[in-house]
K.L.:
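Got a structure here, written out as structure tokens. Questions coming.
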Amino acid sequence: MRLSRLFLPTERQPPADAEAISHKLMVRAGLVRQVGAGLWSWLPAGWRVHQRIVQIVREEIDAIGGQEMLMPVMHPAELWKRSGRYGFPEQFRLEDRKGAEHVLAMTHEEVVTLHVANAVRSYRDLPKILYHFQVKERDEPRPRAGVLRTREFIMKDSYTFDRDAEGLQAGYDLHDQAYARIFDRCGLEWYRVESDVGMMGGSMAHEFMAPCAAGENEVALAPGYAANVEVASAEAQPVEHTALTGSLDTPGATTIEAVAAAIGAAPGQLLKAFPVVLDGGERVDVFVRGDHRVNEIKLRNALKSDFRPAREDEIGRPAGFLGPSSDVRTVFDAAIAPGPYVAGANREGVHEVVTVDGGERLDVRTVVAGDTVNGSAIAIEPAIEVGNIFKLGTRYSEPLGASYLDESGREHPIWMGSYGIGPARIAAAAVEQFHDEQGIAWPKAIAPWDVEVVALGKPGSDEARAAQALYEELRTVGLDVVLDDRAAGAGEKFADAELLGCPLRLTVGRRSLESGAAEAVARRGRADLDPVPLDGAVEAVRERWGALP
RNA sequence: CGGGGAGUGGCGCAGUCUGGUAGCGCACCCGGCUGGGGGCCGGGCGGUCGCAGGUUCAAAUCCUGUCUCCCCGACCA
């Protein structure tokens, strides 16, 4: 490709409202452009990156026996009503000309299960791995950070169909291993974490996380331990107890900070009340240490029920002064070590010292940096979720009637798994992880081009002709090469090359004609490599190429 | 959904408070110079100031309404 003809609108300045590095650089480098909130076009160079990632994913899913197909983006609403997933706030809904309801797909469990339900009869038809790359539509409440969180994006989603839990485990493991190969091949720093199963239902889930500053997820890390903070569990740091007894007048002190200040105690000596009402209507008072926060996902999982905050009239005691009460089911967070704590006295303006010992214990708090796992302090860092794997079990096969007959002719629901990867997020994560002041430094597996040949001198000059000859020679041996043959100054060409971030840059100018070699620079680290002789360039480039990240 | 901010040539911005008919840098076009880090000189093109209504002799500027986008938080199959 010649830059003089490429649609590559680079910008000197980032968009005024961009915050995330990948947002700024991908726009500046001419890879993507915004169309609306959470709606993005991929321009030619950006699409090459996307397609290279897609191809890596395709190869690895094919390698575990996946069969690529394609399902539509628009679905009859009825199908989603059957699965019980109709009416999510994120779901785009529309009507056709006849007034029939449709939805735009957030994922494809319903459709793929429909096909399997209609076609699979026998255990002999299992297992199956089906996948596709298709647009997903989600009406996100807040799209952000360029291509990191969008309302429309392409996802590779695969689905496994097995006869039982063991089969599902095998399909799950295959994906786990394929994903590891995919992210390694893409050149990302990544790790696998335990995660919440969320609204997907199912019994087990892991996320593949690429650490970076713009990440929306928080991950708790310790040697041998990695978990999404949504589900992470750790030993709390101990609190020192100062001697306090009896009841304490705390008029107007309704927050932890205010109470701690009023009585001269550390927040960790207090109990924080979190009154909720479960789905079934049961009232529960949850207590965590004053310096901790309730983790609503962990709480929901621990209570095995959705819940909502209790209203004041349901609590029946003055909010802000709640303490343990024998009148209502009471749950203490596991991090509340037995001992005395300051809690509300269930009377306006009064706190009192209570002794917690035993009681119903559940782990429902959000871990904080410094907590320990196996004696090691955890760190919490942001990361982008680039892939996830879910065990769905029979959550979709039952409502949608996907079943098979076993050897004895008995009918069973099919066991399913669901596995997603977002190529756009891999691209953005790579930019977040590998960039410098000048621009992007792509991992070579997903760069838009392998080599950028910068031709200095006027178009038509000896330098330009030598650059073109080099460009053509490298192309003939299968390298993806882009030639900067524009009539621009050297500085502009170097600046654009560093923005775009191809792993290897070869410069052909007057000096090259004198020395008979093109200068070679590795983009990552902007490191000078041994020059590439113009005569015999292919071998030299191959050799330089092999050492690049 | 709560809070904050912004819409003025392709990009980044000034002008709005104090109304007088739109400006700067970059980019772009033409000519020339330069040709190894966004170079220089000269000459140009391009915007009914998000949209609608109102006030006024006169609106980018004041008033009302509305749309869109961004950031923080909540949310995030």
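Being a predicted model, the structure only gives us computed values, none of them experimental. In what follows, chains are A, B, ... by sequence order, proteins preceding strands, each numbered from 1.
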K.L.:
Over 60° means perpendicular and under 30° means parallel, so classify the ring planes of W190(A) and F208(A), tilted if in between.
P.N.:
tilted

K.L.:
Can you tell me how far P in rA22(B) sits from the matching atom in rC45(B), rounded to whole Å?
P.N.:
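Rounded to whole Å, the distance is 15 Å.
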
K.L.:
Check R486(A) with D496(A), please: is the shortest side-chain N to carboxylate O separation under 4.0 Å?
P.N.:
yes

K.L.:
Across all strands shown, which nucleotide pairs with rA14(B) by Watson-Crick or G-U wobble geometry, both distances under 3.5 Å?
P.N.:
none

K.L.:
By the 4.0 Å heavy-atom rule, please label S512(A) as base, sugar-phosphate, or nothing.
P.N.:
base

K.L.:
Any strand counts, and the cut-off is 3.5 Å on both contacts for Watson-Crick or G-U wobble. Which nucleotide pairs with rC1(B)?
P.N.:
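Because both required distances fall under 3.5 Å, rC1(B) counts as paired with rG73(B).
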
K.L.:
Report, as yes or no, whether the 6.0 Å neighbourhood of atom CZ on R58(A) holds more than 12 heavy atoms from other residues, nucleotides or ligands.
P.N.:
yes

K.L.:
Counting distance alone, no hydrogens or angles: does the base of rG35(B) have a donor or acceptor under 3.5 Å from a partner atom on the side chain of E492(A)?
P.N.:
no

K.L.:
Taking rG53(B) as the reference, what is the distance to rG44(B) when you measure between their C1' atoms (whole Å, please)?
P.N.:
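My reading of the C1' atoms in rG44(B) and rG53(B) gives 38 Å.
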
K.L.:
What nucleic acid atoms does A16(A) come within less than 4.0 Å of, heavy atoms only: base, sugar-phosphate, or nothing?
P.N.:
sugar-phosphate

K.L.:
For the pair made of CZ in R33(A) and C1' in rC11(B), what is the distance, rounded to whole Å?
P.N.:
9 Å

K.L.:
Between L456(A) (CG) and rU34(B) (P), how many Å, whole number?
P.N.:
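The distance from CG of L456(A) to P of rU34(B) comes to 17 Å, rounded to the nearest Å.
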
K.L.:
If you look at every strand shown and take non-hydrogen atoms under 4.0 Å, does P9(A) touch a base, only sugar-phosphate, or nothing?
P.N.:
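No contact at all - P9(A) keeps every heavy atom at 4.0 Å or more from the nucleic acid.
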
K.L.:
For L8(A) and rA27(B), what is the distance between atoms CG and C1' respectively, to the nearest whole Å?
P.N.:
15 Å

K.L.:
I need the CG-C1' distance between L499(A) and rA27(B), as an integer number of Å.
P.N.:
15 Å

K.L.:
Assuming nearest nucleotide by heavy-atom distance, tell me which of N388(A) and G489(A) is located more 5' along RNA chain B.
P.N.:
G489(A)

K.L.:
Report which part of the nucleic acid P14(A) touches: base, sugar-phosphate, or nothing (heavy-atom distance under 4.0 Å, all strands).
P.N.:
sugar-phosphate

K.L.:
Could you encode protein contacts along nucleotides 67-75 of chain B as a string, one character per nucleotide from 5' to 3', using B for base contact, S for sugar-phosphate-only contact and - for no contact, with a heavy-atom cut-off of under 4.0 Å?
P.N.:
--SSBBBBB

K.L.:
Looking at E109(A) and R85(A), is any side-chain nitrogen of the basic one under 4.0 Å from a carboxylate oxygen of the acidic one?
P.N.:
yes

K.L.:
Write down the distance separating the C1' atoms in rG23(B) and rC49(B), rounded off to the nearest Å.
P.N.:
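Straight-line distance between the two C1' atoms is 12 Å.
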
K.L.:
Taking pairing as Watson-Crick or G-U wobble with both contacts under 3.5 Å, can you name the mate of rA6(B), or confirm there isn't one?
P.N.:
rU68(B)

K.L.:
Touch check for R505(A), heavy atoms < 4.0 angstrom, all strands: base, sugar-phosphate only, or nothing?
P.N.:
base

K.L.:
Both distances below 3.5 Å, Watson-Crick or wobble geometry, any strand: find the nucleotide opposite rG19(B).
P.N.:
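Answer to the pairing question: none, since rG19(B) forms no Watson-Crick or G-U pair.
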
K.L.:
Answer with base, sugar-phosphate or nothing: what part of the nucleic acid does E11(A) contact at a heavy-atom distance below 4.0 Å?
P.N.:
sugar-phosphate

K.L.:
With ring pair (Phe, Tyr, Trp, His ring centres under 6.0 Å) as the criterion, how do H23(A) and W40(A) come out once you've worked through the C-alpha distance, each side chain's angles and the decisive distance to 0.1 Å?
P.N.:
CA-CA 11 Å; H23(A) 183 185; W40(A) 290 80; 5.4 Å; yes

K.L.:
Going by an N to O cut-off under 4.0 Å, is there a salt bridge joining D176(A) and R192(A)?
P.N.:
yes

K.L.:
I want to check a possible cation-pi pair here: K136(A) against F153(A), using under 6.0 Å from ring centre and within 45° of the ring axis as the test.
P.N.:
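The answer is no; the distance or angle limit is not met.
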
K.L.:
Roughly how far apart, to the nearest Å, are rA60(B) and rG20(B) at atom P?
P.N.:
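Going atom to atom, P in each nucleotide, I get 9 Å.
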
K.L.:
If I take atom CZ in residue F494(A) and atom C1' in nucleotide rG37(B), what distance separates them, rounded to the nearest angstrom?
P.N.:
7 Å

K.L.:
Can you run down the salt bridge (Lys or Arg N to Asp or Glu O under 4.0 Å) pairs that involve residues 498-507 of chain A, sequence neighbours left out, and say none if there aren't any?
P.N.:
E498(A)-R505(A), E498(A)-R526(A)

K.L.:
Taking CD from Q13(A) and C1' from rC11(B), how many angstroms apart are they, rounded to a whole number?
P.N.:
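Distance check: Q13(A) CD to rC11(B) C1' gives 7 Å.
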
K.L.:
Taking atom P in both rU66(B) and rG3(B), what distance in whole Å separates the two?
P.N.:
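These two P atoms come out 16 Å apart once rounded.
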
K.L.:
In whole Å, what separates the C1' atom of rU48(B) from that of rU8(B)?
P.N.:
12 Å

K.L.:
Taking rC63(B) as the reference, what is the distance to rG19(B) when you measure between their P atoms (whole Å, please)?
P.N.:
12 Å

K.L.:
Give one of base, sugar-phosphate or nothing for Q438(A), where a contact means two heavy atoms less than 4.0 Å apart.
P.N.:
nothing

K.L.:
For E207(A), check side-chain hydrogen bond (donor to acceptor under 3.5 Å, both in side chains) against everything at least two apart and list the hits.
P.N.:
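Here the qualifying residues are N228(A).
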
K.L.:
Across all strands, who's sitting opposite rG42(B) as a Watson-Crick or G-U wobble pair, both distances under 3.5 Å?
P.N.:
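The base-pairing partner of rG42(B), which may sit in any strand shown, is rC30(B).
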
K.L.:
Between rU34(B) atom C1' and K493(A) atom NZ, what is the distance in whole Å?
P.N.:
14 Å

K.L.:
Suppose you measure atom P in rG47(B) against the same atom in rC11(B); what distance do you get, rounded to whole Å?
P.N.:
14 Å

